[in-house]
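The shown structure was predicted, so the numbers you read here are calculated from the model rather than taken from an experiment. In what follows, chains carry the letters A, B, and so on, assigned in the order in which the sequence lines appear, proteins first and then strands, with residues in each chain numbered from 1.
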Amino acid sequence: MKYLSNVVSLKIIPELCVGCGTCLEVCPHKVFEMRDGKAAILDRDRCMECGACAGNCAFGAIEVDKGVGCASAIIHSLIYGGEPVCGCEGDSSGNKGCC
Amino acid sequence: MTRLKLKSTVGQKNGPLSPCCPASKQDLPAWVYGAVTTPAGPVLKVSTGLTGKDYWEHFKCRTTSFRNNYTVNPGLYAVGDPDKNSDVLVSSNYKYSFDILRRELNGLNVWVLVLDTKGINVWCAAGKGTFGTNELIGRIARVRLKEIVDHRRLIVPQLGAPGVSAYKVKQAAGFHVLFGPVLAKDLPAYIAAGHKATESMRKIGFSILDRLVLTPLELSPVMKKFILFTIFVFAVFGLTPSGIIFRDAISGGLPFVLLGFVSVIAGALLTPLLLPVIPFRSFAIKGWLVGLLSVYVSMKLFPMLDQQNILLIIIVYLFFPLVSSYLALLFTGSTTFTGMTGVKKELGISVPLYLGGTAISLIILVIYKLGEWRII
């Protein structure tokens, strides 16, 4: 299953990539592949912007607008401010349908 | 190891956190059955068998807010008889996750390092950062892991990767993070293969069963609001210039309430279940289509639901599919493949439509009532 096409904020900066392959390992959706010794995007529509690749790239070669793809969390953050995050604790409506 | 000593271990372990554990006998969890002595003190041994009580609690986690406070104390635990060469598996302190992990570790001798994720599962906590680099580095120091194991490697679940920067853990704590499989059930094979994950171990699926078990948590908060909707509908249909007439409330209102229920089921149950076969990638559109179709089919199948008045027919086809659409959109939070940019885009388009559609429906309802009272 794939989500909307062409919305994902994932970017590789090829000049910084050393081809270590860590992003291929941490990505749970097989978004990356190795091409000529560097990471390349195989299928960007599969990306869910979890940020595992960017956070584990020691060379800063990946940028992604990391966040949760969760409508309740985003609506909550629009109304009450703050980052959209998952999790119910510290929340007045403690039993939303999240994680 | 005596019972008394074990209790004092629990006390030490807890640290500042958590809902649990003044040192009284009942407070030693049933799944702890002893302790392993280490240079850094005793470490509680946990069983790999789950009891009926554990499964009952898991059921409650799946259906109610019981899960909001279902935790184990962060810290180090032992499975089997681990020694200084045994693997260290990192997990969250949501007890459901912890239970699934220990269940899959039967026959292995490993350490389990439980991070304080405030009772949230690994993936959600990683997104939030509580299952994260800093907590992991701090926890390694707090349990004095370097005194307990000779090697310097940790197995972190793959879905913890959004929160854990392996290279930072290496720099700060000296431990090399290996990202293990997505699912705990693949751990024995992963360890046996010398810490090698196959491609399928690294990918998240989203089967119909995965989706089915998530729907109760979509439905149960909606049903609370549905009670308010029911009261509102009965009040509106029962309202006459001479007071609320109970018969009118039921005869006019009941079909509406039932169609509302159909739209809830369409958005929060049918759409998640049929997700891959419903056309379009947008959740809002998927839900709207299923809602529209469900309302139409219900009215054709059950004559009592069918509406005669043109104004009410407009409301039925305008409002209820939007309800389904909204509920389907909320399911994005449960999926394994939706991203934030996409959901924001959907919300930007659909929320104005939801609000506009609801407003128009209310105006039409007022016009209908005024017509019924022969005011216009």
Side-chain angles (χ1 to χ4, degrees), chain A residues 1-10 20 22-31 44-60 64-79 83-91 93-99, chain B residues 64-65 67-69 118-121 123-130 133 158-159 161-168 179 182 197 199 202-204 206 214 217-222 268 275-276 281-283 326 329-347 351:
Chain A
M1 263 174 284
K2 287 184 199 176
Y3 196 39
L4 308 184
S5 54
N6 278 320
V7 294
V8 167
S9 58
L10 180 69
C20 69
T22 302
C23 51
L24 275 76
E25 191 184 314
V26 297
C27 177
H29 282 301
K30 212 173 176 310
V31 169
R44 63 184 308 109
D45 290 350
R46 281 206 293 246
C47 174
M48 57 169 178
E49 302 175 317
C50 72
C53 51
N56 276 283
C57 181
F59 309 94
V64 61
D65 194 4
K66 173 186 168 170
V68 289
C70 168
S72 326
I74 294 169
I75 292 171
H76 192 268
S77 89
L78 289 176
I79 298 173
E83 284 289 298
V85 285
C86 196
C88 318
E89 99 283 354
D91 216 29
S93 58
N95 47 6
K96 292 180 306 174
C98 66
C99 48
Chain B
T64 70
S65 57
R67 74 188 178 289
N68 291 346
N69 198 7
K118 317 289 177 201
I120 305 285
N121 68 71
W123 191 8
C124 286
K128 201 172 188 167
T130 46
T133 310
Q158 163 139 16
L159 292 185
V164 174
S165 294
Y167 71 95
K168 289 183 187 161
F179 288 108
V182 167
E199 203 164 271
R202 293 232 173 277
K203 283 191 76 176
I204 323 175
F206 201 39
L214 289 164
L217 287 180
E218 300 295 317
L219 278 169
S220 69
V222 185
L275 206 57
R281 289 190 183 180
S282 152
F283 278 55
Y326 174 67
L329 196 43
L330 291 188
F331 191 67
T332 51
S334 297
T335 67
T336 56
F337 65 98
T338 55
M340 186 169 71
T341 314
V343 175
K344 276 186 175 167
K345 184 181 174 187
E346 284 214 67
L347 283 171
V351 168

> Pick from B/Ser282, B/Pro276, B/Gly127: which one has the most heavy-atom pairs with chain A under 4.5 Å?
Replying inline: B/Pro276
> Any side-chain heavy-atom pair from A/Met48 and B/Thr335 closer than 4.5 angstrom?
Replying inline: no
> Any side-chain heavy atom of B/Tyr167 within less than 4.5 Å of one from A/Thr22?
Replying inline: no
> Most heavy-atom pairs under 4.5 angstrom with chain B, which of A/Gly55, A/Ala54, A/Cys27?
Replying inline: A/Gly55
>> With chain B as the partner, which of A/Ala58, A/Ser5, A/Gly51 has the greatest number of non-hydrogen pairs under 4.5 Å?
In response: A/Ala58
> Using a cut-off of under 4.5 Å for heavy-atom pairs, which of A/Leu78, A/Val7, A/Asn6 has the most such pairs with chain B?
Replying inline: A/Val7
> For A/Gly69, does its backbone N or O pair with a side-chain atom of B/Thr338 as donor and acceptor, under 3.5 Å?
Replying inline: yes
> Roughly how far, to the nearest 0.5 Å, is CZ of B/Arg281 from CG of A/Asp45?
Replying inline: 5.0 Å
> Closest approach of B/Gln158 and A/Glu25, non-hydrogen atoms and distance?
Replying inline: NE2-O, 3.2 Å
>> Using heavy-atom distances under 4.5 Å, tell me whether B/Val164 contacts chain A through its side chain, its backbone, both, or neither.
In response: backbone
> If you look at every heavy atom in B/Ala161 and A/Asn56, which pair is closest and at what distance?
Replying inline: O-ND2, 3.1 Å
>> To the closest 0.5 Å, what do you measure between OG (A/Ser72) and CG (B/Leu329)?
In response: 8.5 Å
> Which region of B/Ala268, side chain (C-beta onward) or backbone (N, CA, C, O), has a non-hydrogen atom less than 4.5 Å from a non-hydrogen atom of chain A, or is it both or neither?
Replying inline: neither
> To the nearest 0.5 Å, how far apart are NZ in B/Lys344 and CD1 in A/Ile74?
Replying inline: 6.0 Å
> Heavy-atom distance under 4.5 Å to chain A: side chain of B/Phe331, backbone, both or neither?
Replying inline: neither
>> Is the shortest side-chain heavy-atom distance between B/Phe283 and A/Leu4 below 4.5 Å?
In response: no
> So do the side chains of B/Thr332 and A/Tyr3 get within less than 4.5 Å of each other, counting heavy atoms only?
Replying inline: yes
>> On a heavy-atom basis, which atom in B/Pro162 and which in A/Cys50 lie closest, and how many Å separate them?
In response: CB-O, 3.3 Å
> What pair of heavy atoms forms the shortest contact from B/Met340 to A/Glu49, and how long is it?
Replying inline: N-OE1, 2.8 Å
> Say you draw a straight line from CZ of B/Phe337 to CE of A/Met1; how long is it, rounded to the nearest 0.5 Å?
Replying inline: 5.0 Å
>> Quick check: closest heavy atoms across A/Ser9 and B/Thr341, and the distance to 0.1 Å?
In response: OG-OG1, 3.9 Å
> Relative to chain B, which segment of A/Cys53 carries a heavy atom at a distance below 4.5 Å: side chain, backbone, both, or neither?
Replying inline: neither
>> For B/Leu159 versus A/Pro28, what's the shortest heavy-atom pair and its separation?
In response: CD2-CB, 4.0 Å
> What residue in B/Val182, B/Leu219, B/Thr336 has the most heavy-atom pairs under 4.5 Å with chain A?
Replying inline: B/Thr336
> What part of B/Lys203 is in contact with chain A, defined as an atom under 4.5 angstrom from a non-hydrogen atom: side chain, backbone, both or neither?
Replying inline: both
